[in-house]
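Everything below concerns the one structure shown next.
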Protein chains: 2
Amino acid sequence: MSVVDGHREPRRAPEGARTRAFEEVLDRIEERIAAGGLTVGDRLPGERQLAEELRVSRSSVREALRALATLGVVSSQVGRGPDAGAVLTSRPDSALTELLRLNLSLSTLTMREVVDTRLMIEQWAAARAAGDGGAALGEMAEAVAAMDAAATPEEFVAHDIAFHMALAAASGNRLTSAIMRALRDAVRHYAIDAVLRLGDTADLQADHRRILDAVRDRDAEAATAAVTEHLARAYPG
Amino acid sequence: MSVVDGHREPRRAPEGARTRAFEEVLDRIEERIAAGGLTVGDRLPGERQLAEELRVSRSSVREALRALATLGVVSSQVGRGPDAGAVLTSRPDSALTELLRLNLSLSTLTMREVVDTRLMIEQWAAARAAGDGGAALGEMAEAVAAMDAAATPEEFVAHDIAFHMALAAASGNRLTSAIMRALRDAVRHYAIDAVLRLGDTADLQADHRRILDAVRDRDAEAATAAVTEHLARAYPG
DNA sequence: GACCAAATATGGTCTGACCATACACCCGGC
DNA sequence: GCCGGGTGTATGGTCAGACCATATTTGGTC
């Protein structure tokens, strides 16, 4: 019934260790990041080496790395050389997007909540962009022109996202920008539907130009109002 | 050198399949969630069954489930019975917290950005709470009383988080609440330091009472101002 | 020096085993 | 009939060891 095995250490004492092996790996890697001064671009040891150092199996190491990859903190490349292996990155956008998409699928979030959150961020970002004066004006104007030239709803929405991302980026806050990006990506499909439903993008473009003008004029109040009306039009409540 | 194996299918045609096996599993599970009407509380098939159905190894299934667990969408219990196995959940808070913590460690986010984002959410939530009238007043008042009675900075901060979470929850938006929770949890350590640095919590409590009063009086403007001053005091810029 | 083949290091996948846990089931005693 | 305990079993968690695909490094040949 039972093949002789004999290479197991049966948990060397119940010393409070209730954590699973991969969590131990997770903690150790986070320690190295926090203490060792590792930063974006640095490489982690290979999976096999990590497994040996931490005295766990490679599977456990892989599960830990998969968790970190899901959070957008590491990225793995196969092959050999300086660029191969697990590298520290910082791509929170995709993780946030996935989080939102799944929660929308599970109906633990509603579109209303997502759109309201987006409105909060855009109002805030528009006011800051108007106050700061316009580093983002160039990008925003380009996006408006590109939307004019867009042949399909997909194209239009792509440039629409670029417009609103430029506005968000003008706030200088990478966290709100990342959240904004994730919000847009998660509901990209709905945005395309909205464009199809409206049929005509002239009103949306008029809104965009009003936002652009308000930021150019450094009129925070007008920028906030323009953004509010724009979202009310695109996602009627 | 090479043991005879012979149970491998060498990738049945390069039919564009550039996705890794665990990603395929991820997609299939998400499909089931989106299409099959699975919702929170429902169980997924066991790892072994899933592996057989999708014609991949159990390791790949596990990596996919680990990714979903990292996003707070599934939770696994060992054992047997109705509660065992992988169950769909919705705990985005921990995923967001981890994301923020790691990005702070990696210095791809600054405390300033985190605090500014928190300010944005709290201003917005305070205005809405004041407008809606106070379902949250009871909880907030309790939290203020508990902070008065707190013996340690840790205790104080715990109730402080409860106070601000009640305010955020009053907005009725689960997404902003979840982000708020994650923001607070990620910088919990800094909050405790801030309390220690201030030495005295009387000013903070005075702020809390001003916020509470403004919400009670349904004065959105005063609530926003009170929140703004409170954060400026706690995290001077 | 340029080019090509072999060695090698990396992540990705698979198999098959064992472990720990917690419920399901059955069987005996009452 | 009911209850209590022992056993069966399904579940996730872990491990070991192999092979595969990929990309660089290395070294040899012309």
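Throughout, a chain's letter reflects where its sequence line sits, starting with A, and its residues are numbered from 1.
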Figure out the [atom1]/[atom2] separation between [X] and [N], and round it to whole Å.
X       : N      : atom1 : atom2 : value
B:Glu52 : C:dG16 : CD    : C1'   : 15 Å
B:Glu24 : C:dC14 : CD    : P     : 11 Å
A:Arg62 : D:dG13 : CZ    : C1'   : 16 Å
A:Arg20 : D:dT14 : CZ    : C1'   : 12 Å
B:Phe22 : C:dT13 : CZ    : P     : 7 Å
A:Arg58 : D:dA18 : CZ    : P     : 13 Å
B:Leu26 : C:dT13 : CG    : P     : 12 Å
A:Leu54 : D:dA16 : CG    : P     : 13 Å

Give, for atom CG of A:Leu68 and atom CD of A:Glu63, the distance between the pair rounded to the nearest 0.5 Å.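 These two atoms lie 12.5 Å from each other.
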
To the nearest 0.5 Å, what is the distance between CG (A:Asn173) and CZ (B:Arg112)? 10.0 Å

Taking only side-chain N and O atoms of A:Arg66, does any of them lie within less than 4.0 angstrom of OP1 or OP2 on C:dG12? yes

Counterpart residues, side chain to side chain contact (heavy atoms under 4.5 Å, CB included), relative to B:Gln77 (two or more places apart):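 For B:Gln77, the residues satisfying side chain to side chain contact (heavy atoms under 4.5 Å, CB included) (neighbours in sequence not counted) are B:Ser75, B:Val87.
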
Side chain to side chain contact (heavy atoms under 4.5 Å, CB included) partners of B:Arg118, counting only residues at least two apart: B:Glu122, B:His164, B:Met180, B:Leu183, B:Arg184, B:Leu231, B:Tyr235

Between A:Ser60 and B:Leu65, name the one whose nearest nucleotide on DNA chain D is closer to the 5' end.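 Here B:Leu65 is the residue nearer the 5' end.
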
Let me spell it out: for each of A:Pro82 and A:Glu63, pick the nucleotide of DNA chain D with the closest heavy atom. Which residue's pick is nearer the 5' end? A:Glu63

So that I can tick it off, tell me whether B:Glu24 and B:Arg28 are bridged by a salt bridge, with the cut-off set at under 4.0 angstrom between side-chain N and carboxylate O. yes

Between the protein and nucleotides 7-10 of chain C, which nitrogen or oxygen pairs are less than 3.5 angstrom apart?
unit_1 : atom_1 : unit_2  : atom_2 : d
C:dT8  : O4'    : A:Arg80 : NH1    : 3.1
C:dT8  : O2     : A:Arg80 : NH1    : 3.1
C:dT10 : O4'    : A:Gly79 : O      : 2.9
C:dT10 : O2     : A:Gly79 : N      : 3.3

Please step through side-chain hydrogen bond (donor to acceptor under 3.5 Å, both in side chains) for the pair B:Ser90 and A:Thr108, ending with a clear verdict. CA-CA 7 Å; B:Ser90 180; A:Thr108 52; 3.2 Å; yes

NA contact type, A:Ser59, heavy-atom cut-off 4.0 Å: base, sugar-phosphate, or nothing? base

Hey, does the side chain of B:Arg43 reach the backbone of B:Ala84 with a donor-acceptor pair shorter than 3.5 angstrom?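 Yes; judged by distance alone, with no hydrogens or angles, the pair exists.
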
